[in-house]
Amino acid sequence: MSSPATYKSDWRLRVFDSLSFPTRILTPDGTIIAVNRRFLDRHGELEEEVVGATCREINQLHFPHQSFPCTKGEECPLCQVVTRKDGQTVLLHATVEDGEQHWEERVFSPILDDRGEVDFIIESIRDVTNVKRLEKMYSDMRQLIDNVVQSSVSGIIAADRNGDIILANEAAEELFGYSSTEIRKVNIEDFYPPGVARDIMSMLRDEKLGRRGKLPITQLEIISKHGEKIPVEMTAAIIYEGGEEVATAGIFNDLREKLAVERKLRESQMKIGQTEKMASLGRLAAGVAHEINNPLTSILMYGSIIREKLERDHPLSKNLDYVLEDANRCKDIVKNLLAYSRQSSPSREVFPLNMLVSESLRLLHDQRLFQNVRIVPDLVDHEVLIKADKNQICQVVINLIMNSVDAMEEQGTLTLATSITKDRKTAILSVTDTGSGIPESDVLKIFDPFFTTKEPGKGTGLGLSMAYGVLEENQGRIYVRETSEQGTTICLELPVVTLSNEILFDSIG
Ligand SMILES: Nc1ncnc2c1ncn2[C@@H]1O[C@H](COP(=O)(O)OP(=O)(O)OP(=O)(O)O)[C@@H](O)[C@H]1O
Ligand SMILES: [Mg+2]
């Protein structure tokens with residue numbers, strides 16, 4: 001091993017002194033044999049105060065509050081350099097006296113003798129406090145952004161240029177139905193119906209649509225893991241780096257709840273409108289019916305007297321028949337108007353749902369109408385009891401059947417089906433025909449009083465509006481389930497009263 005004196009006289013010490021990092025030279029046992037100018041300047045020390053001391057003593061002096069690997073019982077880097085004959089780098093983190101955080105990177109390099117043994121160790125010290133502070137600021141910032149993203153109630157996702165997901169917050173995982181590991185394996189295109197992801201990219205790149213790379217709030221449907229289509233409101237943006245597209249990000253808000261509330265609101269507004277319309281028209285109808293009823297009764301009464309007196313072969317006999325026939329039709333209309341305006345109060349009874357079908361068919365007088373109509377009953381195979389005004393509801397069903405027969409021009413298939421909802425609370429009767437259907441523009445009008453598309457004299461347009469009122473009065477509802485050029489299904493719903501055969505119901509789950 002060379003002696004310290006030999007080393008000191010080496011010309012290379014001049015190079016050593018001019019190094020810009022504080023550096024010291026140690027013997028393998030940790031004795032400091034030389035320090036460069038930078039080292040002394042940094043701590044304001046004299047060479048003789050340092051040289052001859054051990055690295056442990058000096059470290060302790062410089063960082064009294066810091067524990068070093070050797071004092072913690074861990075292998076000291078110096079020993080590692082001696083055994084491995086290879087360089088070592090350690091990061092020293094210390095809190096200095098004024099409470100400030102301080103980081104040093106210490107690089108230990110072996111100086112080998114002719115036999116390849118470690119003769120000295122050169123320890124170079126780099127102050128990396130600023131680098132570490134920046135690193136910490138960066139990681140704190142990342143943590144903050146991560147917290148903001150994760151705590152957002154909107155689903156946030158980002159994908160790279162290939163569409164692979166690189167970021168997804170909890171709200172996005174919940175919305176799309178994937179776990180945090182699954183979502184990373186999904187491609188952005190899987191979140192949309194076919195072609196939609198491409199359309200979004202084209203919109204993002206289309207400068208005419210607003211700011212380049214930014215998609216204003218757009219409503220669309222996304223596809224969840226389970227294939228469910230979910231309506232959402234989304235905004236998206238392209239992320240650029242140095243003018244290059246590197247990723248895309250999207251923010252999604254689930255619209256299911258909002259749309260359901262809006263739909264309910266629309267429905268109740270329509271219902272209120274319909275009820276108000278029916279109430280005012282009901283009052284008008286009641287007044288008109290009442291006024292017409294008296295003269296009509298006279299016409300019929302005196303007409304019948306003349307009928308009795310007049311010979312059948314009298315030249316005016318036929319004319320009198322016409323008068324009486326039309327007066328009777330007016331009587332029916334007046335009866336309907338009175339029923340519509342609720343002059344007759346409902347009398348409730350408990351009866352089986354299927355009875356509505358059999359009774360209504362029995363009550364239909366003009367069976368000739370059904371000559372070319374195939375009637376298909378599709379009845380629930382167990383007893384479902386409902387409480388309602390049977391006569392009123394039968395009149396409703398008869399009107400539905402007549403409407404269907406008219407729509408099919410007396411030719412086609414008429415299906416009368418009964419069923420019960422899964423929760424067993426609601427009984428359903430549906431009338432399905434293979435008729436011409438209701439034009440979209442008429443669907444909202446068919447429950448309006450006096451709305452008819454039938455020729456004058458063939459329909460009053462009161463059938464469905466009466467049905468609407470009757471169902472409302474019986475705690476039920478009536479609605480068009482489906483209508484197209486292939487036919488129409490209109491449903492009645494009534495609350496179920498008691499289930500007389502629970503065991504059978506259990507089997508339909
Ligand atoms: N099943 C159906 N298929 C096609 N259109 C229908 C059907 N049911 C009803 N409609 C349409 O709804 C209108 C109103 O029906 P609603 O029963 O209220 O009156 P109406 O049948 O015209 O006359 P009324 O029943 O008073 O004799 C009908 O004129 C028809 O245009
Ligand atoms: Mg009708």
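As the structure is a prediction and not an experimental result, all values here were calculated from the model. The chain is numbered in sequence order, starting from 1.
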Worksheet item: Does F252 have its ring centroid less than 6.0 Å away from the ring centroid of F191?
Response: no
Practice prompt. Output the distance between atom CD (E349) and atom CD1 (I393), rounded to the nearest 0.5 Å.
Written response: 10.5 Å
Discussion item. Quick one: does any side-chain atom of T235 pair with a main-chain N or O of L215 as donor and acceptor, under 3.5 Å?
Written reply: no
Discussion item. Check this for me: R329, atom CZ, are more than 12 non-hydrogen atoms of other residues, nucleotides or ligands nearer than 6.0 Å?
Written reply: no
Worksheet item: More than 12 foreign heavy atoms under 6.0 Å from CE of M301: is that the case here?
Response: yes
Worksheet item: Where the side chain of R184 meets the backbone of I166, is there a donor-acceptor pair that is under 3.5 Å apart?
Response: yes
Discussion item. Is it the case that atom CD in E174 sees more than 12 heavy atoms from other parts of the structure closer than 6.0 Å?
Written reply: no
Practice prompt. Count the heavy atoms of every other residue, nucleotide or ligand shown that sit under 6.0 Å from CD1 of I305, and state whether that count exceeds 12.
Written response: yes
Worksheet item: ring-ring contact (aromatic ring centres under 6.0 Å, His included): which pairs involve residues 411-430, sequence neighbours left out?
Response: none
Worksheet item: What distance do R198 atom CZ and Y192 atom OH have between them, rounded to the nearest 0.5 Å?
Response: 13.5 Å
Worksheet item: If you measure only the distance, is there a donor-acceptor pair under 3.5 Å linking the side chains of N354 and T418?
Response: yes
Worksheet item: Any sub-3.5 Å donor-acceptor pair from H314's side-chain atoms to L316's backbone N or O?
Response: yes
